[in-house]
Peer 1: 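Quick one: the structure is below, and I'll ask about it shortly.
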Amino acid sequence: MKNFIEKIIEEDLTAGRCSEVITRFPPEPNGYLHIGHAKSICLNFGLPRRYGGRCHLRFDDTNPEKEEEEFIEAIKRDVAWLGFDWGSHLYFASDYFERMYAFAEELIEKGLAFVCDQTLEEIRRDRGTLTEPGKESPYRNRSVEENLDLFRRMRKGEFPEGSRVLRAKIDMASPNLNMRDPVLYRIRRAAHPRTGTTWCIYPMYDFAHCLGDAIEGVTHSICTLEFEDHRPLYDWVLDNVTPPSRPYQYEFARLNMTYTVLSKRKLARLVREGHVNGWDDPRMPTLAGLRRRGVPPEAIRRFCDRIGVAKTNSVVEIELFEHCIREVLNKTARRVMAVLDPVKLTIENYPEDRIEEFEVENNPEDAAAGTRKVAFSRNLFIEREDFLEDPPKKFFRLAVGREVRLKGAYLVTCTGVKKDPETGEVKEVLCRYDPASRGGNTPDGRRVKGTIHWVEEKTAVPAEIRVYERLFRIENPEGAGEEFLEGMNENSFSRKCSALVEPAAVQRTSSGPMPLQFLRMGYFIEDIDSKPNHPIFNKTIGLRDTWAKVKR
RNA sequence: UGGGGCGUCGUCUAACGGUAGGACACGGGACUUUGAAUCCCGCGGUGGUGGUUCGAUUCCACCCGCCCCAGCCA
């Protein structure tokens with residue numbers, strides 16, 4: 001299946017308009033990358049992978065007031081983690097400032113750019129409106145010599161910030177506002193993270209981006225739909241200077257996802273105002289957050305494959321993303337047993353001092369994952385929600401008089417329950433086991449509907465488990481404007497501080513945290529805050545839960 | 001109301017002018033030592049009106065709806 005950009009590329013290749021595909025992923029280092037960027041990254045890096053060529057990582061660092069070194073490093077880390085390699089092609093728009101400056105002088109010499117002394121307010125006022133043409137600047141007809149002189153003095157720092165700009169001389173009556181003598185350069189005294197104070201004039205996006213593309217020999221410059229109106233300006237600049245190559249811009253629809261905000265401003269606000277714990281909070285749709293949450297990069301790549309690339313504004317259901325996460329984790333996550341909310345289970349007819357070991361599989365989807373041993377005794381813990389005093393008809397788990405299988409161990413029948421006399425809370429569940437069911441088998445062929453997970457009291461390891469839900473309870477927080485915070489889910493984060501996990505869950509490997517499936521509960525991964533004496537796990541995502549639907 | 005874009009199952013996305021297909025979601029069933037996974041089956045769509053054509057999602061006209069643009073942000 002081909003998307004429209006791939007069709008364009010195939011035509012270009014066939015027609016000989018280019019011999020290889022050179023793309024670029026051009027983030028501005030003013031925030032962290034998120035799942036929406038992943039769509040662009042997969043597209044830009046995927047195209048040359050498919051058709052031959054390369055993709056550059058280019059930082060669009062033309063606004064020193066907003067950009068930071070921290071973001072540059074974070075972005076590199078995230079792109080690499082996603083699985084893409086820019087090789088030696090790491091670039092910065094700021095590397096081209098000198099050459100861009102020369103192109104600006106070329107425009108001035110051709111009478112196609114002028115230095116404008118109007119204030120910001122005057123420029124705005126004279127731009128006109130959507131329905132009325134703008135008014136030409138009184139400085140529009142300065143001589144080439146004067147413009148050159150003024151522009152050079154702008155560069156030297158002779159004028160205060162905001163006092164003058166360089167503008168393209170195009171058409172103040174254009175129905176496309178971007179063509180009404182757009183600003184090309186402005187004066188900014190801020191220190192740039194890379195060029196420091198060597199420059200005090202900085203090129204605007206529309207001037208810098210197309211030239212960056214041309215300098216790098218980019219063939220297909222792919223961006224999002226909101227830049228469609230800028231394409232005439234992209235072309236104008238390249239058509240009016242002598243660029244080293246001639247790239248073309250194509251636009252696709254950015255990703256939107258239900259229950260998620262993806263605008264950089266809103267994400268930055270969540271971080272700044274402390275609604276989440278940083279850019280890598282596991283509830284964040286940032287790549288750093290998803291990584292910490294335990295989402296494998298492969299799942300993100302698959303997701304980007306499946307959502308496709310088109311020009312239709314769309315909102316992808318988060319369920320598709322969740323499906324991709326489960327799909328990958330199901331094949332790769334080691335199974336272990338963990339009880340998040342423990343209640344004692346005592347097997348009355350099992351000897352007090354006996355300990356058995358059972359061999360269980362590490363991943364039924366992957367025989368190569370092998371098996372491990374789990375300890376079993378008279379005293380266990382099970383999930384509190386797996387016992388019900390007053391069970392509904394279709395409840396397959398434990399209740400007085402009912403039999404269930406303890407995964408991998410024995411069948412047990414519930415004989416009673418001990419409760420706190422004050423609160424009525426269940427303190428302990430009592431049962432008797434069937435010695436003939438060792439390993440969870442039923443020699444007599446009887447069928448048990450329920451199989452529950454458990455941990456053994458003496459060997460279980462206490463752990464903290466951090467449970468994350470969707471950050472927003474409303475489907476379209478992005479559409480809620482500035483009030484999007486009101487759509488936040490107050491229960492998006494909770495801790496299970498008295499969880500118990502089997503020892504295999506905390507076995508460390510040298511290659512970083514491994515995705516785990518806590519049997520019947522979901523996928524989890526050890527958090528970076530985790531310590532050997534205080535293991536912490538993040539819930540990546542729950543298993544599909546048909547029972548939850550039956551209950552409803 | 002100027003300009004630019006976009007309308008296909010609930011959602012996302014395909015279909016040289018020739019049987020509207022896939023994925024997710026949803027519903028049902030089989031299987032199951034995870035109420036998971038897996039496997040079957042089902043559900044459902046071309047914004048509207050005309051026109052061209054043997055035949056239109058595709059071409060044309062008009063209409064309707066949605067998105068983007070008035071930063072010295074990107």
Peer 1: Quick one: label A:E65 by what it contacts on the DNA or RNA (base, sugar-phosphate, nothing), any heavy atom closer than 4.0 Å.
Peer 2: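 Answer is nothing: A:E65 stays at 4.0 Å or more from every strand.
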Peer 1: Once you apply the 3.5 Å cut-off to both distances, tell me the Watson-Crick or G-U wobble partner of B:rU52, or none.
Peer 2: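 Base-paired to nothing in any strand shown.
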Peer 1: Kindly indicate whether the side chain of A:E365 and the base of B:rU38 share any N or O donor-acceptor pair separated by less than 3.5 Å?
Peer 2: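 Such a pair does not exist between side chain and base.
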Peer 1: Protein-nucleotides 9-14 of chain B N/O pairs closer than 3.5 Å?
Peer 2:
residue, atom, partner, partner atom, Å
B:rG10, N2, A:E317, OE1, 2.8
B:rU11, O4', A:E317, OE2, 3.1
B:rU11, O3', A:V315, O, 3.3
B:rU11, O2', A:V315, O, 3.2
B:rC12, OP1, A:V315, N, 3.2
B:rC12, O2', A:I307, O, 2.7

Peer 1: Find the distance A:K66:NZ to B:rG71:P and express it as a whole number of Å.
Peer 2: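 Going from NZ in A:K66 over to P in B:rG71 covers 13 Å.
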Peer 1: Side chain to side chain contact (heavy atoms under 4.5 Å, CB included) between A:Y410 and A:I347: does it pass, once the steps are laid out?
Peer 2: CA-CA 10 Å; A:Y410 287 106; A:I347 306 170; 6.0 Å; no
Peer 1: Knowing that exactly one of A:L267, A:I318, A:L33 qualifies, which makes a side chain to side chain contact (heavy atoms under 4.5 Å, CB included) with A:P285?
Peer 2: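 So the option named by the test is A:L267.
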Peer 1: In the strands shown, is B:rU34 matched to any nucleotide by a Watson-Crick or G-U wobble pair with both distances under 3.5 Å, and which?
Peer 2: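 WC or wobble partner does not exist here.
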Peer 1: Kindly point out which of B:rC73, B:rC69, B:rG5 is positioned nearest to the side chain of A:N178?
Peer 2: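 For the A:N178 side chain, the nearest candidate turns out to be B:rC69.
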Peer 1: Which nucleotide, if any, forms a Watson-Crick or G-U wobble pair with B:rA70, using both distances under 3.5 Å?
Peer 2: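 Looking at the geometry, B:rA70 pairs with no nucleotide.
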Peer 1: Just checking A:N441: base, sugar-phosphate only, or nothing, at a heavy-atom cut-off of under 4.0 Å?
Peer 2: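 Base contact - A:N441 has a heavy atom under 4.0 Å of at least one base atom.
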Peer 1: Regarding A:Y185, tell me which of base, sugar-phosphate or nothing describes its non-hydrogen contacts under 4.0 Å with the strands shown.
Peer 2: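 Touches nothing.
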Peer 1: Answer yes or no: is there an ion pair linking A:E11 with A:K7, defined by an N-O contact shorter than 4.0 Å?
Peer 2: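 Result for this pair is no, no salt bridge flagged.
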Peer 1: From the list B:rC72, B:rA74, B:rC69, which nucleotide is the closest neighbour of the side chain of A:R127?
Peer 2: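 Output: B:rC72.
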Peer 1: Would you mind pulling out the nucleotide paired to B:rG21, Watson-Crick or G-U wobble, both distances under 3.5 Å?
Peer 2: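 Its partner is B:rU13 (Watson-Crick or G-U wobble, both distances under 3.5 Å).
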Peer 1: Expressed as a whole number of angstroms, how long is the span from A:R254:CZ to B:rC69:C1'?
Peer 2: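 The answer, rounded to whole Å, is 14 Å.
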Peer 1: State plainly whether the residues A:E161 and A:R186 are in salt-bridge range, i.e. N to O under 4.0 Å.
Peer 2: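 Salt bridge between A:E161 and A:R186, a charged N being under 4.0 Å from a carboxylate O: no.
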Peer 1: I would like to know whether A:F396 and A:R402 meet side chain to side chain contact (heavy atoms under 4.5 Å, CB included); could you show each step before the answer?
Peer 2: CA-CA 9 Å; A:F396 301 154; A:R402 301 230 186 142; over 6 Å; no
Peer 1: Measure from the side-chain N and O atoms of A:N147 to the backbone N and O of A:F114, and report whether any donor-acceptor pair falls under 3.5 Å.
Peer 2: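 No; judged by distance alone, with no hydrogens or angles, the pair does not exist.
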Peer 1: From the options B:rG5, B:rA74, B:rA36, select the nucleotide whose nearest atom is closest to the side chain of A:R544.
Peer 2: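 The nucleotide sitting nearest to the side chain is B:rA36.
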Peer 1: Who pairs with A:E365 by salt bridge (charged side-chain N to carboxylate O under 4.0 Å, His left out), at least two apart in sequence or on another chain?
Peer 2: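 A:E365: salt bridge (charged side-chain N to carboxylate O under 4.0 Å, His left out) contacts with A:K331.
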Peer 1: Is a donor-acceptor pair below 3.5 Å formed from side chain A:D229 to base B:rG3, judging by atom type as modelled?
Peer 2: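 Indeed there is one.
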Peer 1: Tell me if the side-chain of A:R397 makes a donor-acceptor pair with the base of B:rG35, cut-off 3.5 Å, by modelled atom types.
Peer 2: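 Side chain to base: pair present.
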Peer 1: Run the salt-bridge test on A:R194 and A:E69 with the 4.0 Å N-O cut-off and return the result as yes or no.
Peer 2: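 So A:R194 does not pair with A:E69 through a salt bridge.
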Peer 1: Calculate the interatomic distance between A:E228 atom CD and B:rG2 atom P; express it in whole Å.
Peer 2: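 It is 19 Å, rounded to the nearest whole Å.
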Peer 1: Who does B:rC6 pair with, Watson-Crick or G-U, both distances under 3.5 Å?
Peer 2: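 Across all strands, the one nucleotide that pairs with B:rC6 is B:rG65.
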Peer 1: Using the purine O4'-C1'-N9-C4 or pyrimidine O4'-C1'-N1-C2 torsion, is B:rG71 syn (within 90° of 0) or anti?
Peer 2: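 Here B:rG71 takes the syn form, which means its glycosidic angle is within 90° of 0.
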Peer 1: A:F396 has an atom CZ; how far is it from atom P of B:rU34, in whole Å?
Peer 2: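 After rounding, the reported distance stands at 13 Å.
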Peer 1: Would you say A:Y205 stacks on B:rA74, if stacking means ring centres under 5.5 Å apart and planes within less than 30 degrees?
Peer 2: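 Not stacked: fails the 5.5 Å / 30° test.
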Peer 1: Is any side-chain N or O of A:H453 under 3.5 Å from a base N or O of B:rA36, one able to act as donor and the other as acceptor?
Peer 2: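 Donor-acceptor pair under 3.5 Å: no.
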Peer 1: Using the side-chain heavy atoms of A:M204, tell me which of these nucleotides is nearest: B:rU34, B:rA74, B:rC69.
Peer 2: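 Of B:rU34, B:rA74, B:rC69, B:rA74 is nearest to the side chain of A:M204.
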Peer 1: Taking only the side-chain heavy atoms of A:F395 (C-beta and beyond), determine which of B:rG2, B:rU34, B:rG35 contains the nearest atom.
Peer 2: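 When the side chain of A:F395 is considered, B:rG35 is the closest of B:rG2, B:rU34, B:rG35.
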